[in-house]
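Here's the structure, in structure tokens; my notes come after.
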Protein chains: 2
Amino acid sequence: MATGDQARGAVDEQPEDGRRPTISDVAAHAGVSVTTVSHVLSGRRPVSPSTQAKVRRSIDALAFRPNEIARSMRSQRTHTVAIVIPNIAHVVYPVVARGVNDELRPLGYQTAIYDTDGDPRIKAEVLQAVTARRVDGVIMFGFDMTSADAAVLEEADVAFVNGGLNAATDGPWDCVRSNQPAGMQDATRHLVGRFGGPVAFLGGMPGDGPADIRESGFRSGMAAAGLEVDERLVRRVPYSWEGGRHAVAELLAGPVVPRSVVCANDLIAIGGMAAARDRGLDVPGDMAFTGYDNIEAGTMVATTLTSVESYPNEQGRACARLLLDRISRGYSGPARHVGIDTDLIVRRSSTPRDDV
Amino acid sequence: MATGDQARGAVDEQPEDGRRPTISDVAAHAGVSVTTVSHVLSGRRPVSPSTQAKVRRSIDALAFRPNEIARSMRSQRTHTVAIVIPNIAHVVYPVVARGVNDELRPLGYQTAIYDTDGDPRIKAEVLQAVTARRVDGVIMFGFDMTSADAAVLEEADVAFVNGGLNAATDGPWDCVRSNQPAGMQDATRHLVGRFGGPVAFLGGMPGDGPADIRESGFRSGMAAAGLEVDERLVRRVPYSWEGGRHAVAELLAGPVVPRSVVCANDLIAIGGMAAARDRGLDVPGDMAFTGYDNIEAGTMVATTLTSVESYPNEQGRACARLLLDRISRGYSGPARHVGIDTDLIVRRSSTPRDDV
DNA sequence: TTGAAAGCGCTACCAC
DNA sequence: GTGGTAGCGCTTTCAA
């Protein structure tokens, strides 16, 4: 059969000397200049069809792949974007990273994920590493970004976007923020509207996520509903199942038992529901709950959990778009701040039986 | 106060022309040759203390950071390792990535995570990209790696390790495998030993994870326990809560109701338990379950789930170590295959009440 | 103990 | 339509 020609085209004709073929190997093989090879590769200059064909044949024959490092060295572009996050094992960050990747890959950019383990020292190292490696842009997600961080990036002349956690005050750089106060407020009003008070708030520990911002959302939700906050029902606990379980157990032993419990994340809520159930309470009949993050586990528990969805994928995409504006669309205007709205996903933990 | 000197040392004295300082800027500033600067940086050649001091002062003054791209261009090493995974949003992969990172970072390597979205076309692209960017090594995790993949890597002369899914037959390259058959077998024997038959197996869909390998583990567990497999109780369902719920609902409507249910992952098990509970069954009183993966949700459900822990972090670390042997410790011997054992984490779903 | 200079593989400016 | 060649910023001979 006549399989010979095409098949042979892809075969490495070069003596295998361990060295990858370079552009000048191709030029020599095709009998043209490196300039010409470069131009058939880039298409930045017309090359006659016959020469093109020759060159392409040589490229195939030698299995030539341009060395991106050398390319970057000249062009000062790496077509790589770094996303720096505190902890890849945390629920939301992988989804954010996917969003970034989804937006970037079609445009020929690679996304490299860097994990700092929530350690500022490692963050600094990573920042040095990515700037030294000359990535085209950096997405800092889930950090309260400091001016020092920004200075490192600016000095290295690499574009960046900050996303994720709401900072006390956003710096003069591009930001993507989930509208968490509104999310908490929605949850609070929803719960109060359906079940009334007393209302408890189980917040996360400060420094381990957006603790304060969610509490303030709760408070404004209460204000909007015209209710006073009972400070005895406001607790800061670890962002964990155990934290929620413990807190609800304590509330149940306390002077005021809440009718509604607004939780700063789903783990707290799920733990809280478990504690309520352990004491023989019905959820939501005796005590209603909302969570935050809309994790999968919330759909798998006996009483499915009403939760705030913050669309981390979309947050990632938004970061990527802001960054692309700067690194490939030439935007160099003032910093932009984009907000991503949340949605309340209502499930059984806040749905009176009659409504089912 | 005498803060002047140190503070000023870190200040950029160079007129800000937008260009980052290079090694020759430092040389000029210090009044030495670039060679000397290079050697104080690398320590590969003795430099007189006074010269060293001069150079270091200039480095600080100019805030010089060596350009890693240029460095890589000469040295052909990037000190970057890529880990390629099918889906960063899947439970286990982030943990694997952390394991890799934990092992690599102390040695000065960066870990860049690449997500293929489970798409072989994207996998090929990523492989091309990663080799063109000349990473020092690649960890392919969670793929049934093909010889074609291996060929790409080998031709590019980049070291690699395959980890995660058990392939039908491992290729002639370094592999890290979780000992899944033994894990399933343990779970099966555990369940049978405590509750006996009939025993059901709810496996995942082929092509969407290690479906066959887990089923074969189940079968050998049954054989070890001296029980026949009732084929009516062996089902392949999606690796999801809904898949498990549906399957158990069907089993309950069928001719044989299982006493024990071995599930190929935790989602299936949790969904299955929900279905059992919906029909008024007690878990484990009427029907006992085991899962696989030991996800967090398994500790948050009403009846906590017995599950197989496969130590993905350790799998990642093992991959990293094998890779390091090749890229920095000069190992070039034959392919090595390392297995990571699993443990059965016993919880309430398989613990008779008396035992609690 | 120090320097000059030749590249690493590529792009782009100039020339023809 | 095509080619020569000067760098990108660094490391590493070779020479002093």
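Letters A, B, ... mirror the listed sequences (proteins, then strands); counts begin at 1. Computed from a predicted structure; not experimentally measured.
- Put simply, CZ on Arg20(A) is 12 Å from C1' on dG9(C), counting in whole angstrom units.
- Between the NE2 atom of His39(B) and the P atom of dA5(C) there is a distance of 17 Å, rounded to whole Å.
- Regarding Gln76(B), its CD atom lies at a distance of 9 Å from the P atom of dC8(C), rounded to whole Å.
- For residues 63-72 of chain A, the pairs satisfying salt bridge (Lys or Arg N to Asp or Glu O under 4.0 Å) are Glu68(A)-Arg71(A), with sequence neighbours left out.
- With axes fitted over five pairs at each extremity, the angle between the ends of the helix from dT1(C)-dA16(D) to dC16(C)-dG1(D) is 40° (10° resolution).
- Distance CG (Asn67(A)) to P (dC10(C)): 6 Å, rounded to an integer number of Å.
- With sequence neighbours excluded, the residues that form a side-chain contact (heavy atoms from CB on, under 4.5 Å) with His79(B) are Arg133(A), Tyr109(B), Asp136(B).
- Atom P of nucleotide dC10(C) and atom CD of Glu68(A) are separated by 9 Å, given to the nearest angstrom.
- Judged as a ring-ring contact (aromatic ring centres under 6.0 Å, His included), and not counting sequence neighbours, the contacts of Tyr93(B) are His90(B).
- The CD1-P distance, from Ile23(B) to dA4(C), rounds to 14 Å in whole Å.
- Regarding Arg45(A), its CZ atom lies at a distance of 11 Å from the C1' atom of dT11(C), rounded to whole Å.
- Sorted by first then second residue, the salt bridge (Lys or Arg N to Asp or Glu O under 4.0 Å) pairs that include residues 102-113 of chain B, not counting sequence neighbours, are Asp102(B)-Arg317(B), Glu103(B)-Arg317(B), Glu103(B)-Arg321(B).
- In the 5' to 3' direction, nucleotides of DNA chain D lying under 4.0 Å from heavy atoms of chain B begin and end at dG9(D) to dC14(D).
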